[in-house]
**Q** 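My structure is below; once you've seen it, I'll send some questions.
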Amino acid sequence: MATSTAASRRVSAGVGFGIDIGGSGIKGAPVDLGKGELTADRMRIPTPQPSTPDAVAGTVTDLVSSFGDRSGTLPIGVTFPAVIQHGVARTAANVDEAWIGTDVDALLTQRLGRSVVVLNDADAAGLAETRYGAARDVRGVVVVATLGTGIGTAVICDGVLVPNTELGHLEIDGHDAETKAAASARQRESLSWQKWAQRLQRYFGTVENLLWPDLFVVGGGVSRKSAKFLPLLELRTPIVPAALFNDGGIIGAALYAAEHG
Ligand code: BGC
C-alpha cells in the first residue's frame with residue numbers, strides 16, 4: 001500500500017499497469033511508461049451493479065489476473081471516480097455509497113496481493129496529459145476536464161498536481177455544473193452540439209474567471225468528437241482536446257503508481 005509520505009520519483013521507463021474504475025466499466029491495460037502508450041489492448045469489464053467495494057474489488061482482481069505476467073511487477077495504479085484522500089474514498093457521486101470511508105488502497109492491495117495506489121480518475125488523466133499528451137511541457141496552470149457521466153477536473157501547475165479539485169461540482173446558475181454540462185447531460189436531454197456548447201461556454205467561462213489557467217484540456221470519450229463543439233467556444237484560455245482520449249486514466253494511474261507506490 002502506498003503512504004502519503006512515499007517519496008515520488010520520476011519514472012521514464014518500464015512497463016506499469018493501470019486500471020480505470022468507472023460507473024459503467026472497469027478498464028485496464030499494461031502501459032509503456034517511457035512512451036505513455038498501452039502495450040496491449042485494454043480489457044473492459046462492466047462495473048458490477050450494485051458497485052459495492054467487495055464486488056468491484058472482485059472484478060479488478062479478475063481483470064489483473066487475465067493479463068498474467070503482462071501485468072508486470074510495478075505497483076498497480078487504479079483510478080476511482082471520487083475524492084481520494086491518502087487512499088481513502090471520501091465521496092461517491094456515481095458509484096455505490098458504501099465506498100465512502102473505504103480505504104481503497106488497502107482493500108485492493110490486500111485483494112491483489114501486491115502494491116496498489118489509487119487516485120481520482122480526472123487527476124490520473126491530468127497527469128497523463130501533462131507528462132505525455134496535450135499539456136506536455138506547458139508551463140503554468142493547466143486545467144484538464146473530463147466530460148463523461150460527470151465532470152472530473154485536474155489542476156496542474158508546472159507539472160505538479162493539486163489533487164481532488166472537484167470543479168465539476170461548481171454551483172452555476174443554481175445547479176451542480178456536471179448535471180447540466182457533462183457529456184451524459186447532452187445524451188440524456190438529446191441536446192444538439194450547439195446547445196451543449198452553450199452550456200460548456202458557461203462552464204469553462206466560469207472556471208477561467210476563477211482560476212485564470214494557461215490551458216484547458218478536454219478529456220473523456222466525447223473528446224474524440226471535439227471538432228463538433230470546441231470551435232463553438234469563445235474563451236480567453238486556449239482549449240484543446242486530450243491527446244490520449246479515454247486512455248488517459250489508465251496511463252496516468254500506471255504512471256502515478258510507479259512514481260508513488
Ligand atoms: C466526481 C469526481 C470524478 C468525476 C468524473 C464526479 O462526479 O465527483 O470525483 O472525478 O465525477 O468521474
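On a predicted model such as this, the values are computed, not experimentally measured, just so you know. Any value given below was found using the heavy atoms of this structure, including those in side chains, with hydrogens, waters and symmetry copies removed. Counting convention: from 1, in listed order, for ligands and their atoms alike.
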**Q** Got a salt bridge between Asp20 and Arg44, using NZ or NE/NH1/NH2 to carboxylate O under 4.0 Å?
**A** no
**Q** Would you mind checking which non-hydrogen protein atom is closest to atom 2 (C) of ligand 1, with the distance to 0.1 Å?
**A** Glu166 OE2, 3.3 Å
**Q** Return yes when Ile151 approaches ligand 1 closer than 4.0 angstrom through a heavy atom, no otherwise.
**A** yes
**Q** Who's the nearest protein heavy-atom neighbour of atom 5 (C) of ligand 1, and how far?
**A** Asp121 OD2, 3.4 Å
**Q** Would you kindly specify which portion of Asn94 sits under 4.0 Å from ligand 1, judged on non-hydrogen atoms: side chain, backbone, both or neither?
**A** side chain
**Q** Between Arg199 and Glu189, does any NZ, NE, NH1 or NH2 come within less than 4.0 Å of an OD or OE carboxylate oxygen?
**A** yes
**Q** Under a 4.0 Å N-O cut-off, is there an ion pair linking Asp173 with Arg202?
**A** yes
**Q** Could you tell me, atom by atom, which parts of ligand 1 come under 4.0 Å of a heavy atom of Asn120?
**A** 2 (C), 3 (C), 9 (O), 10 (O)
**Q** Between atom CZ of Phe17 and atom CG of Leu38, what is the distance when rounded to the nearest 0.5 Å?
**A** 10.0 Å
**Q** Starting from atom 11 (O) of ligand 1, find the nearest protein heavy-atom neighbour and note its residue, name and distance.
**A** Glu178 OE1, 3.8 Å
**Q** Please list, in number order, the atoms of ligand 1 under 4.0 Å from a heavy atom of Ala82.
**A** 9 (O)
**Q** Show me which atoms of ligand 1 lie under 4.0 Å from any heavy atom of Gly152.
**A** 4 (C), 5 (C), 10 (O)
**Q** For Asp69, look at atom CG and say whether over 12 heavy atoms of other residues, nucleotides or ligands are found less than 6.0 Å away.
**A** no
**Q** Quick check: are there more than 12 heavy atoms from other residues, nucleotides or ligands sitting under 6.0 Å from CG of Asp41?
**A** no
**Q** Does an N or O anywhere in His169 fall below 3.5 Å from an N or O of ligand 1?
**A** yes
**Q** Would the number of heavy atoms belonging to other residues, nucleotides or ligands and lying under 6.0 Å from CZ of Arg188 be above 12?
**A** yes
**Q** Does only the side chain of Ala93 get under 4.0 Å from ligand 1, or the backbone, or both, or neither? Count heavy atoms.
**A** side chain
